[in-house]
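Values in this document were obtained by computation on a predicted structure and should not be read as measured data. Ligands are counted one by one from 1 in listed order, and the atoms in each one are counted from 1 as well.
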Amino acid sequence: MTEQSARRTAALISVVVPAYNEAESIPALVARLDAILPKLGAHEIVIVDDGSTDNTLALLRSLAATRPQLRWISLSRNFGHQSALRAGLAESRGDCVATLDADLQHPPELLPELYDRWRAGAEIVYTVRSDAGTSWLKRFTARWYYRLLAVLSDHPPQRGTADFRLLDRSVVNVINELAEHALFLRGVIPWVGFRQAVVSYAPIGRHAGDTKYTPLKMLRLALHGVTATSIRPLFLASMVGFLVSLFAIAFAVYAAYIRLVKGTAISGWASVIIFVGLLGGAQLFTIGILGAYLGQVLREVQRRPPYVIRDASQPPKEH
Ligand code: UDP
Ligand code: MG
C-alpha cells in the first residue's frame, strides 16, 4: 500500500471552542475558521458559551443564522474552561475533533497540519507551544510546575501543551465516557494512550480582552492538576511526617544526653518552639494534602454533571 492510499479522510471534521466573554474575538475567530476549514472538507464549528456575561451568545446566534456549519451550546452559568471543552466534545459529531481557544492564541492556520497528521494515522495530535516571548514569571512557574508534575505523576502532562489538539472519534468517545466530575484534560491525554503525534507552534498574544484565568483560577487548576493526576502527594505526606518524627526522636535523645551526661539544664524554650513549630507545620502540610484529596472525593461522590446546558442551536445529542 502506498503512503497516499493509507491516508484516511474525515466525513466530518469538528472544531470545538470554549468561549467565556469572548465577543471581541469571535468574529475574527469565525472568519479565520471560515477561511481554512472549507479546504479540509465538511466540517462543523461547535462554540460553547460558558455562561458569558457579554454578548457572546447574541453574537453566536447571529453568526449561526447564516452558517449552518456553526453550532453553539450555551451553558447555564460559568462552569470553567475544562467543563466547557467537555460540553463541546460531547456535542461534537466529527470523525476527528479539534479543540482550540476562542482568543486566537491557538492559530486556526495550524488545523490543516493537525488534520494531516490525523489523516496519516495519528489518533491524538497535540500541540506544544514554545515559550519564547511569554513573561518571565509565567515561564518560570510553568517550568517548575511541569517538573513537579513529572516527579509526582505516572503520566505527566508535557510542558507547553494546552487544550489545542485534534482527537480521533475513538479518543473523544473515551473522554466522553470518563465519569470524573473534575477532568483535567491535559492529564488525561498522556494517560489515554493511542497513537500520538505532536506539532509545535510559536506563542501568540490574545486577540482581544484579558485572560479569563484569574490568578486564583490558575492556582486552582494547578492544584487540581496535581491531585487529579497523582496520588503520590499522599505518600509524600507520610514521608514528611516520618522524617519529622525521626527528627523528634533524635532531638529527644540529644535532650536526654545534655541533661543526664552533661548535667547542664535543658536548653531554652527556643528549641521547644522550633520543635513545636516544625511538628505543627508538618501536620498542617499533611492535613492540607489530605484535604485536597478529600475535596476531590466529595466532588466525585456527589456525581453532579460537569456542566448544564441551558440552550443550544440544535437539540443536544442523545447520550
Ligand atoms: N474559558 C472558558 N471558561 C472559563 C475561562 C476560560 O470557557 O471560565 C475559555 C476562554 O474563553 C478561552 C479559553 O477558555 O477560549 C482559554 O482561556 P484564556 O484565554 O482566558 O486562558 P489563557 O490563554 O490566559 O490561559
Ligand atoms: Mg488565552
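Every atom of ligand 1 with a heavy atom of Asn78 under 4.0 Å away is listed here by number and element: 3 (N), 4 (C), 8 (O). Close approach of ligand 1 to Ala102 (heavy-atom distance below 4.0 Å) involves ligand atoms 15 (O).
Both Tyr126 and Leu185 belong to a single network of hydrophobic side chains, linked directly or stepwise wherever heavy atoms of I, L, V, M, F, W or Y lie under 4.5 Å apart.
Atom-to-atom distance recorded for Ile47:CD1 and Ser74:OG is 12.0 Å, nearest 0.5 angstrom.
Of all the listed residues (Ile47, Asp50, Val48), Asp50 holds the heavy atom that lies closest to atom 3 (N) of ligand 1. Considering only non-hydrogen atoms, atom 14 (O) of ligand 1 lies nearest to His81 out of Gln105, His81, Lys217. Of the listed residues (Leu85, Asp103, Asp101), the one carrying the non-hydrogen atom nearest atom 13 (C) of ligand 1 is Asp101.
Neither the backbone nor the side chain of Asp163 has a heavy atom within less than 4.0 Å of ligand 1.
The single protein non-hydrogen atom nearest to atom 6 (C) of ligand 1 is Lys212 CB, 3.6 Å, given as residue, atom name and distance. Of the protein's non-hydrogen atoms, Arg206 NH2, 3.5 Å is the one closest to atom 18 (P) of ligand 1. Nearest protein neighbour of atom 1 (N) of ligand 1, counting heavy atoms only, is Tyr20 CB, 3.8 Å. Atom 25 (O) of ligand 1 has as its closest protein heavy atom Tyr213 CD1, 3.7 Å. The protein non-hydrogen atom at the shortest distance from atom 10 (C) of ligand 1 is Glu22 OE2, 3.3 Å. Looking at atom 24 (O) of ligand 1, its nearest protein heavy atom turns out to be Thr211 OG1, 2.5 Å.
Where the criterion is an N or O separation shorter than 3.5 Å, residue side chain and backbone included, Pro18 meets it with respect to ligand 1.
Under the 30°/60° scheme for interplanar angles, the aromatic rings of Tyr115 and Trp118 are found to lie parallel. Between Phe164 and His106, the ring-plane angle classifies as parallel under the 30° and 60° cut-offs.
Among the atoms of Asp103, an N, O or S atom is found under 2.8 Å from the Mg ion (ligand 2).
Checking each of Arg169, Glu44, Glu91 against Ser14 for a side chain to side chain donor-acceptor pair (under 3.5 Å) leaves exactly one that passes, namely Glu44.
Salt bridge status for Asp95 with Arg8: absent, with no side-chain N to carboxylate O gap under 4.0 Å.
Geometrically, Arg147 does not engage Tyr145 in a cation-pi contact, judged by NZ or CZ lying under 6.0 Å from the ring centre and within 45° of the ring axis.
When atom types are taken as modelled, the side chain of Asp101 and the backbone of Asp103 share no donor-acceptor pair closer than 3.5 angstrom.
Under the 4.5 Å side-chain criterion, counting only non-hydrogen atoms from C-beta, Val198 is not in contact with Thr161.
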